[in-house]
2 protein chains.
Amino acid sequence: MDRRTEIMTVAGRLFSESGYHVTSMRDLAKAVNLQGGSLYAHIASKEEILFEIVSHAADLFLAGAAAVPPDLPPAERVARLVEAHLAVIAREIGNATVFFHEWRFLSPERKAQIQERRDAYEAYFARAIADGVEAGVFRVEDPRLATLFVLSALNWTYQWYDPAGPIPPDEFARQYAAMVLGALGADLPLTPGPSPTRGQGRSTEHAGGAA
Amino acid sequence: MDRRTEIMTVAGRLFSESGYHVTSMRDLAKAVNLQGGSLYAHIASKEEILFEIVSHAADLFLAGAAAVPPDLPPAERVARLVEAHLAVIAREIGNATVFFHEWRFLSPERKAQIQERRDAYEAYFARAIADGVEAGVFRVEDPRLATLFVLSALNWTYQWYDPAGPIPPDEFARQYAAMVLGALGADLPLTPGPSPTRGQGRSTEHAGGAA
DNA sequence: GCTCCAAACGAACGCTTGTTAGGTTCACCT
DNA sequence: AGGTGAACCTAACAAGCGTTCGTTTGGAGC
């Protein structure tokens, strides 16, 4: 890992722990065993660091969502989106925290750049939910509100989820996805295996069940 | 409104708009037509302002939850808790934003004081959900995770909900509560009136499944 | 008319901030 | 052997920070 990358990594941790404005360049320098001024041999400005962290996190979220096949049935697609989201948080909780908490301190231009990607990310969820509503597998009154509900449930997790805690990331994601589908009024527990589980639930799930 | 209250109100707005550390005492003073130093005739320190805002918001949330009769059936209790929470956000979005976003910058003692109240607040939800699980009206795998799910969905709303926007607060709360109950695996849409709604929905599901 | 006191001013305090500039070290290339 | 250039240090800069303090203001109570 070269110096610049190390700076970014450590900055991600410090910014997430103490906040962007509380962390001074000298704090950061000390954490990578440098003098304050020496940082500027590697980076142009403090805000550049913030942008790179936030931008990196945005890329991860976007890539995770883009990897979900768009031709999957809506319920499974939503489940996969949820799992992808939580996987990013589990893997890079520091950068994710900075992404959610400090992005508003970016300059207007850079903020706009991130906003675009947030919108694109939200669109993945909006589309999957809209498809599900249209197909009759989701029962929600207002798809837009449902989308915001789901994203809210996901976006707050960085505040409390501890990847090293008692709940392993994929178990966490599985249960979370089930609750998200419940919120959307979907029926099936959507367990992958042939386990009969405690399901009565409607059998045909999707069929032509137009609402 | 006396000067001190005005300062707190304006500070709540400024802190929520720009963040606690970005807002300087001189910014705040200018917003209430004072010189920087004059603020200290009314308050002891900048952090005292922050604490008062956060503490006030915590009181509102706690009072809202405490007003929900604990002997209501769990599903209705959860719905009422959701509505109370969103009512606070709709009414005091600025202070709520500061509460969620800036409370970590309090001194350790004051932070601990707020943490206590957050825990007490969370307990209202945990209890209602646990009761519902025990009564068989909620179907969740892990009540603790379900509680965090619900609180996540609620806690993020300050980021996007606009009380003056297209969705009026009580309509917002009603739909949100329905989705929360869905996430908890409750059956009934819980509409107060006798409207049959568009339900196919599972009929028997859980035997004693009265909500 | 005088006193009193809270409210506000305005200047200053010591300190930290992000950033820059100049100088030194040292591994590497020819 | 000499040169190059990146990495780093040290010192400094102007600006802004939260806060203090002596002074001024202006209205209420006597």
Within this structure, what is the [atom1]-to-[atom2] distance between [X] and [N], rounded to whole angstrom?
{"X": "A:Glu47", "N": "C:dT19", "atom1": "CD", "atom2": "P", "value": "9 Å"}
{"X": "B:His42", "N": "C:dA6", "atom1": "NE2", "atom2": "C1'", "value": "9 Å"}
{"X": "B:Met25", "N": "C:dC15", "atom1": "CE", "atom2": "P", "value": "20 Å"}
{"X": "A:Arg3", "N": "D:dC8", "atom1": "CZ", "atom2": "C1'", "value": "9 Å"}
{"X": "B:Leu28", "N": "C:dA8", "atom1": "CG", "atom2": "P", "value": "13 Å"}
{"X": "B:Ile43", "N": "D:dT19", "atom1": "CD1", "atom2": "P", "value": "7 Å"}
{"X": "B:Asn33", "N": "C:dG10", "atom1": "CG", "atom2": "P", "value": "13 Å"}
{"X": "B:Arg4", "N": "C:dA6", "atom1": "CZ", "atom2": "P", "value": "15 Å"}

Counting side-chain heavy atoms from C-beta on, which of [options] comes nearest to [X]?
{"X": "A:Gln35", "options": "D:dC9, C:dC9, C:dG18", "result": "D:dC9"}
{"X": "B:Leu34", "options": "C:dG18, D:dC17, C:dC9", "result": "C:dC9"}
{"X": "A:Tyr40", "options": "C:dT19, C:dA8, D:dT19", "result": "C:dT19"}
{"X": "B:Lys46", "options": "C:dT17, D:dC9, D:dT19", "result": "D:dT19"}

Please examine the side chains of B:Leu184 and B:Arg139, heavy atoms only from C-beta on, and report whether any two atoms are closer than 4.5 Å.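 SC-SC contact between B:Arg139 and B:Leu184 ruled out.
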
SB check A:Asp59 A:Arg117 (cutoff 4.0 Å): yes

Please name the residue in the list B:Tyr124, B:Tyr121, B:Phe125 that meets the ring pair (Phe, Tyr, Trp, His ring centres under 6.0 Å) test with B:Phe61.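 Exactly one option meets the ring pair (Phe, Tyr, Trp, His ring centres under 6.0 Å) with B:Phe61, and it is B:Tyr121.
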
Do A:Arg118 and A:Trp103 form a cation-pi contact, if we require the NZ or CZ to be under 6.0 Å from the six-membered ring centre and within 45 degrees of the ring's axis?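 Yes - A:Arg118 lies over the ring of A:Trp103, closer than 6.0 Å to its centre and within 45° of its axis.
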
Does the cation-pi check pass for A:Lys46 over A:Tyr20, that is, NZ or CZ under 6.0 Å from the six-membered ring centre and within 45° of its axis? yes

Could you tell me whether B:Ser24 contacts a base, only the sugar-phosphate backbone, or nothing, with contacts defined as non-hydrogen atoms closer than 4.0 Å? sugar-phosphate

Has the side chain of A:Arg26 got a donor or acceptor that lies under 3.5 Å from a partner of the other kind on the base of C:dG18?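 Indeed there is one.
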
Does D:dA7 have its OP1 or OP2 closer than 4.0 Å to a side-chain nitrogen or oxygen of A:Ser38?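 For D:dA7, neither OP1 nor OP2 has a side-chain N or O of A:Ser38 closer than 4.0 Å.
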
